[in-house]
Amino acid sequence: MQLQQLRYFLAVAETRHFTRAAEAAHVAQPSLSQQIRSLERELGAELFHRTRGNIALTDAGDALLPLARRILADTESARLAVQETVQLRRGRVRLGAPPSLCTSLVPDVLRVFRDRYPGVTLVVREGGSRDLVGWLAAGELDLALTITRPSGEPEPALAVTELLHEELVLVAAERRARRKIRVTELKDRPLVMFREGYDVREATLAACRAAGFEPEFAVEGGEMDAVLGFVRAGIGPAVVPGMVAARSGLAVTAFAAPGLGRTIAVAHGHEVPLTRAAEALRDTLLAHLRDAARAGELPPGTRLLLP
């Protein structure tokens, strides 16, 4: 059974005339009649009583009529749904990102994307880079903003584009004259520290240990908002990403060379092609970063890596 045959059947059923049905369907009348006969043979029943000047539905035709209408309506709905998705009037994007980027870069990018494609559903999932890589590999995300490995070793089965190099800085509640601080000066300052699994925590611990000491914690185990809240309360300073610090309202101190930093990338699975919606979000992200860099709107110490 072919959709075209159902369309011809419906045209005859509605006009009760083969010639007028052929004209409505823009097909030659013999061709339409042949397709109707072919449909009847496949179904094993006549669909029309054919008498001179009078075409009427048989019982089999009556049974087929509502089903044919439903099938053709569903077909049209499917065509429109696919067309709307391709044209980005509908769709869904699942984006993963570390909490630090969900409070800095991600909101600005999603606002631009949402204004441009209001029919596309956005799903955001927060996690550490290791979790994000696993979710990408499992097909649970379309795109992810990740922190690249310090060794530069590529992630297996992922297409990775480096976006930014971001400085890590020290934020504190007390206002001090702006100057750069050495990592060794953290030795005697109890820090507000993120929970395990945060890339910033790992980078801070690695820098302190490379400088020959183990840092002391005033409090540890917080998420991004909690860490900033503890700093505002005066419990202690914290090492945070520069883009987060720029929005925090806290006193910001950069580290002296070689400093602390991280490289932010966007990744997706090698084996799974991006959907149109995911590709549009990726393009929006890259354009947003290039525009911000040209306008000088990236936070101090944040450097664009895109060509």
Side-chain angles (χ1 to χ4, degrees), residues 93 95-117 122 124 126-130 132-133 136 141-155 158-171 178 180-181 183 198-200 202-204 206-207 224 228 239-250 252-270 274 277-307:
V93 186
L95 173 69
S100 59
L101 294 180
C102 285
T103 60
S104 55
L105 174 62
V106 170
D108 290 339
V109 174
L110 295 192
R111 175 182 51 79
V112 174
F113 182 84
R114 182 70 178 168
D115 288 345
R116 193 170 299 164
Y117 307 109
L122 294 165
V124 177
E126 292 184 89
S129 286
R130 283 175 291 184
L132 296 170
V133 168
L136 278 175
L141 294 175
D142 301 305
L143 287 172
L145 292 168
T146 65
I147 310 304
T148 61
R149 297 178 178 180
S151 64
E153 179 185 349
E155 298 287 356
L158 294 184
V160 178
T161 301
E162 292 188 344
L163 303 174
L164 297 167
H165 180 77
E166 181 184 26
E167 282 189 356
L168 301 181
V169 297
L170 192 73
V171 292
R178 287 196 167 216
K180 293 195 173 182
I181 187 173
V183 173
Y198 264 68
D199 301 290
V200 177
E202 295 173 5
T204 304
M224 181 60 67
L228 295 177
V239 177
V240 302
M243 285 188 285
V244 172
R247 297 167 179 246
S248 68
L250 295 164
V252 179
T253 305
F255 285 96
L260 278 73
R262 63 179 187 169
T263 299
I264 299 165
V266 61
H268 63 88
H270 264 310
L274 287 176
E279 186 176 3
L281 178 57
R282 184 179 185 276
D283 291 344
T284 301
L285 168 67
L286 301 187
H288 173 79
L289 292 176
R290 290 189 177 107
D291 289 346
R294 279 194 294 268
E297 295 174 353
L298 293 177
T302 303
R303 178 167 48 90
L304 187 70
L305 300 179
L306 295 170

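Because the structure is a prediction, the values reported are computed rather than measured.
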Nearest heavy-atom pair of [X] and [Y]: which atoms, and what distance?
X	Y	result
Val183	Ala207	CG1-O, 3.7 Å
Thr103	Arg247	O-CD, 3.7 Å
Ala265	Thr148	CB-CG2, 3.6 Å
Ala245	Val240	CB-CG2, 3.8 Å
Leu170	Phe255	N-CE1, 3.9 Å
Ala280	Tyr117	CB-CE1, 3.9 Å

Answer yes or no: does atom CZ of Arg130 have more than 12 heavy-atom neighbours from other residues, nucleotides or ligands under 6.0 Å?
->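 Counting neighbours around CZ of Arg130, 12 or fewer heavy atoms of other residues, nucleotides or ligands fall under 6.0 Å, so no.
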Check: Val244 and Val171 side chains under 4.5 Å, non-hydrogen atoms |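 Of all side-chain heavy-atom pairs linking Val244 with Val171, none is under 4.5 Å.
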Just how far is it from atom [atom1] of [X] to atom [atom2] of [Y], taken to the nearest 0.5 Å?
X	Y	atom1	atom2	answer
Arg290	Leu163	CZ	CG	9.5 Å
Asp291	Leu304	CG	CG	10.5 Å
Leu260	Glu167	CG	CD	9.0 Å
Leu298	Leu289	CG	CG	7.0 Å
His270	Leu158	NE2	CG	7.0 Å
Leu95	Arg282	CG	CZ	12.5 Å

Could you check [options] and say which one makes a side-chain contact (heavy atoms from CB on, under 4.5 Å) with [X]?
X	options	answer
Leu145	Leu164, Leu101, Val109	Leu101
Met224	Pro241, Cys102, Pro98, Ser104	Pro241
Leu143	Leu132, Leu281, Leu136	Leu281

Give the intermediate values and the outcome of side-chain contact (heavy atoms from CB on, under 4.5 Å) for residues Thr161 and Leu306.
-> CA-CA 8 Å; Thr161 301; Leu306 295 170; 3.9 Å; yes
Mark yes or no for whether Glu166, through its side chain, and Met243, through its backbone, hold a donor-acceptor pair below 3.5 Å.
->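 Yes: the side chain of Glu166 pairs with the backbone of Met243.
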Test side-chain contact (heavy atoms from CB on, under 4.5 Å) on Thr263 and Ile147 and set out the steps.
-> CA-CA 6 Å; Thr263 299; Ile147 310 304; 6.0 Å; no
Test log, rule side-chain hydrogen bond (donor to acceptor under 3.5 Å, both in side chains), inputs Ser129 and Arg262 | CA-CA 12 Å; Ser129 286; Arg262 63 179 187 169; over 6 Å; no
